[in-house]
Enquirer: 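Structure below; questions to follow.
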2 protein chains.
Amino acid sequence: MTNRVRRTMPILPISIVMQLTDLTARQIRYYEEQKLISPARTNGNKRMFSLNDVDALIEIKDYLEQGLNVAGIRKLHETKETPRNDQAEPKTLSDAELRSLLREEMKHQARPFDKAFQRQGDLSRFFK
Amino acid sequence: MTNRVRRTMPILPISIVMQLTDLTARQIRYYEEQKLISPARTNGNKRMFSLNDVDALIEIKDYLEQGLNVAGIRKLHETKETPRNDQAEPKTLSDAELRSLLREEMKHQARPFDKAFQRQGDLSRFFK
DNA sequence: AAAATCATGTAAGAAAATCTAACATCAGTT
DNA sequence: AACTGATGTTAGATTTTCTTACATGATTTT
């Protein structure tokens, strides 16, 4: 379950998702408009994406490159989607609870200082 | 290496880090000012945090709650820090190369639609 | 006790990131 | 030639984040 929490938690702004997927903001918003993804929103209406969203976008891109169109991808999605008790599911966890849950977990997995503080040499070059 | 990439890649805006750590923006910026963390910056000068940063912040918070002060935590950090060849490391990969690397990896681990659209899996490696 | 220090709060003004809406483009289709 | 689908571009508004400066309460130092 914590795994689901991690992957569904909205933590990424659109700028990062653009980098991760190599899609433009326009494309990402369009796919949302076309109901291929449903990113969360901040109180201020900014989109915030989960890791699942990123996965989905990468697949969408892949399918498009293979020649499928948006309608086809949506159909695929609808069809293959396991009809789970999503909407019926009584939302038992509040956002705050989920966050706290994740925090607790990270805390327990916290590693010794040397590691935690280890230099960010690599991908910090994504920005400069 | 990819693991290090994932944990050091700056992907989180300060608002999300606040939620994940239960710290205020003021606190987070202060700890940076005090050299306890060094989050990356976007071209527009916005802080962007890695998972390692979040780990570090959680530890900092913990130490503070245990009565340590910032100077003590910094000392601890300096002392325990593994003196690696960080700055000496020849930067062989361009930004574009790194992005492409990460994307490729995500792509290859992408799973069939049904899975990708509903459940976690691959990207949860971003955590832990 | 007064002064200094530490960790944090708060406010102001500026800049960056994101939003929606509208119109443009360009390759395929009809 | 007109239409459609996917994406580009631009404009104006709103949100988010930034830095700087000053305020505050709790300790520590003088």
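Chain naming here is simple, since letters A, B, ... match the order of the sequence lines and numbering starts at 1 in each.
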Enquirer: Enter the distance from A:D55:CG to A:T21:OG1 here, rounded to the nearest 0.5 Å.
Expert: 11.5 Å
Enquirer: Given a 3.5 Å cut-off on both pairing distances, which stems involving DNA chain D, each at least three consecutive Watson-Crick or G-U pairs, are present, if any?
Expert: C:1-30 with D:1-30
Enquirer: As an exercise, state the distance from OH of B:Y31 to CG of B:D53, rounded to the nearest 0.5 Å.
Expert: 14.5 Å
Enquirer: At what distance, to the nearest 0.5 angstrom, does CG of A:L12 lie from CG of A:L20?
Expert: 7.0 Å
Enquirer: Just to verify, what does A:E33 make a side chain to side chain donor-acceptor pair (under 3.5 Å) with, not counting sequence neighbours?
Expert: none
Enquirer: Whole angstroms only, please: what is the CD-P distance between B:Q34 and C:dT8?
Expert: 10 Å
Enquirer: Would you give a per-nucleotide map of nucleotides 12-30 of chain D, 5' to 3', where B means the base has a protein non-hydrogen atom under 4.0 Å away, S means only the sugar-phosphate does, and - means neither?
Expert: --BSSBBB-----------
Enquirer: Is there a side-chain polar atom (N or O) of B:Y31 under 4.0 Å from OP1 or OP2 of C:dT8?
Expert: yes
Enquirer: What is the separation between atom CD on A:E65 and atom C1' on D:dT7, rounded to the nearest whole Å?
Expert: 14 Å
Enquirer: Between the main-chain N or O of A:Q34 and the side-chain N or O of A:R74, is there a donor-acceptor pair closer than 3.5 Å?
Expert: yes
Enquirer: Only counting residues at least two apart or in another chain, list the ones meeting salt bridge (Lys or Arg N to Asp or Glu O under 4.0 Å) with B:R29.
Expert: none
Enquirer: How long is the span from the CE atom in B:M48 to the CD1 atom in B:I16, to the nearest 0.5 Å?
Expert: 10.5 Å
Enquirer: Distance from A:I14 atom CD1 to A:L23 atom CG, nearest 0.5 Å?
Expert: 9.5 Å
Enquirer: Given atom CG of A:L12 and atom C1' of C:dT18, what is their separation to the nearest angstrom?
Expert: 15 Å
Enquirer: At under 4.0 Å between heavy atoms, which parts of nucleotides 25-30 of chain C does protein reach? Answer with one letter per nucleotide, 5' to 3': B base, S sugar-phosphate only, - none.
Expert: ------
Enquirer: Between the side chains of A:R41 and A:E32, is the shortest nitrogen-to-carboxylate-oxygen separation below 4.0 Å, so that they form an ion pair?
Expert: yes
Enquirer: Rounding to a whole Å, what distance do you find between B:L68:CG and C:dC6:C1'?
Expert: 14 Å
Enquirer: Can you tell me how far apart CG (A:L76) and CD1 (A:I60) are? Round to the nearest 0.5 Å.
Expert: 11.0 Å
Enquirer: Could you tell me how far apart A:L64 (CG) and D:dA6 (P) are, to the nearest whole angstrom?
Expert: 7 Å
Enquirer: Would you kindly give the CG-to-C1' distance between A:N69 and D:dG5, to the nearest whole Å?
Expert: 8 Å
Enquirer: State which residues pass side chain to side chain donor-acceptor pair (under 3.5 Å) with B:T24; sequence neighbours excluded, sorted by chain then number.
Expert: B:Q27
Enquirer: So, is B:Y30 near the phosphate of C:dT8, with a side-chain N or O under 4.0 Å from OP1 or OP2?
Expert: no
